[in-house]
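Worksheet for the structure shown next.
Remember, predicted model here, so these are calculated numbers, not experimental data. We name chains A, B, ... by the order of the sequence lines, and we start the count at 1 in each one.
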2 protein chains.
Amino acid sequence: MRHTYREIDACGVKVALKLLAGKWTPIIFYHLGAGPLRFTELWHEIPRVSKKVLVVQLRQLEEAGLVARSVHNGFPPEVSYQLTPKGAGLVPIMQSLDQWAMTHITEAVHIA
Amino acid sequence: MRHTYREIDACGVKVALKLLAGKWTPIIFYHLGAGPLRFTELWHEIPRVSKKVLVVQLRQLEEAGLVARSVHNGFPPEVSYQLTPKGAGLVPIMQSLDQWAMTHITEAVHIA
DNA sequence: CCGCATCCACGTAGATACTG
DNA sequence: CAGTATCTACGTGGATGCGG
């Protein structure tokens, strides 16, 4: 059986990789994996990312259901982010990737 | 301890994802996982990819040590590609990703 | 058969400034 | 505090054609 282009893009591995491979996704998961964080807390944990880009990344993860956004209205605003169970299910896979990298790529630094 | 930008980019997870997340990497792994293939065989297995792009992807995987390229000189030329042990080590991780996707993403199609 | 050269389209990310 | 609005830069992938 031949697979069409659309089917290939819908392949589970590709869908998962599309979500994981955002430039800041791994470090977001690393920090949120330790528990919920407010936006600015998370922003301060991640060096050299603009607020705009961080917002965009979080929106994408939220839309995919990997991250939950909780708004507590009032002033000042308070918004916290945390991993959903669906998102948390990717954490062990990231650990596998890290394990693979440590085995095969000596130059890589172990962070997350 | 604070991590610098360079260190974050060298993080093992990011290095591994960078390699995996090429547009055609999963399907290349899927086909090479079944055994070595010649260039044109592989090309015919993958719909809608240009030869140029496939060559570029294979070069990157080769440079990273995930794929081995064997040339048998003569005419016509004969070049075969296969996964290295290092590359094969990523296959179970891809299967984990597929498993995760099947659990959480009902719309995804199971191919590789 | 295998691959390179050229040119092009698009998505993602960054810099900067402004706002409820 | 937690965003939004523009504008810009760059990398990846794609179309097509040529060559050993």
Side chain of [X] (C-beta onward), nearest among [options]:
| X | options | result |
| --- | --- | --- |
| B:Lys23 | C:dC1, D:dG13, D:dC1 | D:dG13 |
| A:Val53 | C:dA13, D:dC1, C:dC4 | C:dA13 |
| A:Ser50 | D:dA15, D:dG3, C:dA15 | C:dA15 |
| B:Pro76 | D:dC1, D:dG3, C:dC1 | C:dC1 |
| B:Val55 | C:dC1, D:dC1, C:dC4 | C:dC4 |

Please determine whether side-chain contact (heavy atoms from CB on, under 4.5 Å) holds for the pair A:Arg69 and A:Leu58, giving the CA-CA distance in whole Å, both sets of side-chain angles, and the decisive distance to 0.1 Å. CA-CA 9 Å; A:Arg69 177 172 176 271; A:Leu58 286 169; over 6 Å; no
Tell me whether the OP1 or OP2 atom of [N] has a side-chain N or O from [X] closer than 4.0 Å.
| X | N | answer |
| --- | --- | --- |
| B:Tyr81 | C:dG3 | yes |
| B:Arg38 | C:dC1 | no |
| B:Arg59 | C:dC4 | yes |

Nearest nucleotide by nearest heavy atom, which residue falls closer to the 5' end of DNA chain C, A:Lys18 or A:Phe75?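 Counting from the 5' end, the first nearest nucleotide belongs to A:Lys18.
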What are the two closest non-hydrogen atoms of B:Pro26 and A:Lys14, and how far apart are they? CG-CG, 3.9 Å
So, for B:Thr25 and B:Leu61, which heavy atoms are closest and what is the spacing to 0.1 Å?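 In this case the closest contact between B:Thr25 and B:Leu61 is CG2-CD2, 4.0 Å.
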Evaluate the side-chain proximity of B:Leu19 to B:Leu66: yes if any heavy-atom separation is below 4.5 Å, no if none is. yes
In whole angstrom, what separates A:Gln60's CD from C:dT12's C1'? 8 Å
Rounded to the Å, how far apart are B:Arg69 CZ and C:dC1 C1'? 12 Å
Scan A:Val79 against the nucleic acid and name what it touches under 4.0 Å (heavy atoms): base, sugar-phosphate only, or nothing. sugar-phosphate
Take A:Ser80 and A:Lys52, find for each the nucleotide of DNA chain D with the closest heavy atom, and name the residue whose nucleotide sits nearer the 5' end.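 The answer here is A:Ser80.
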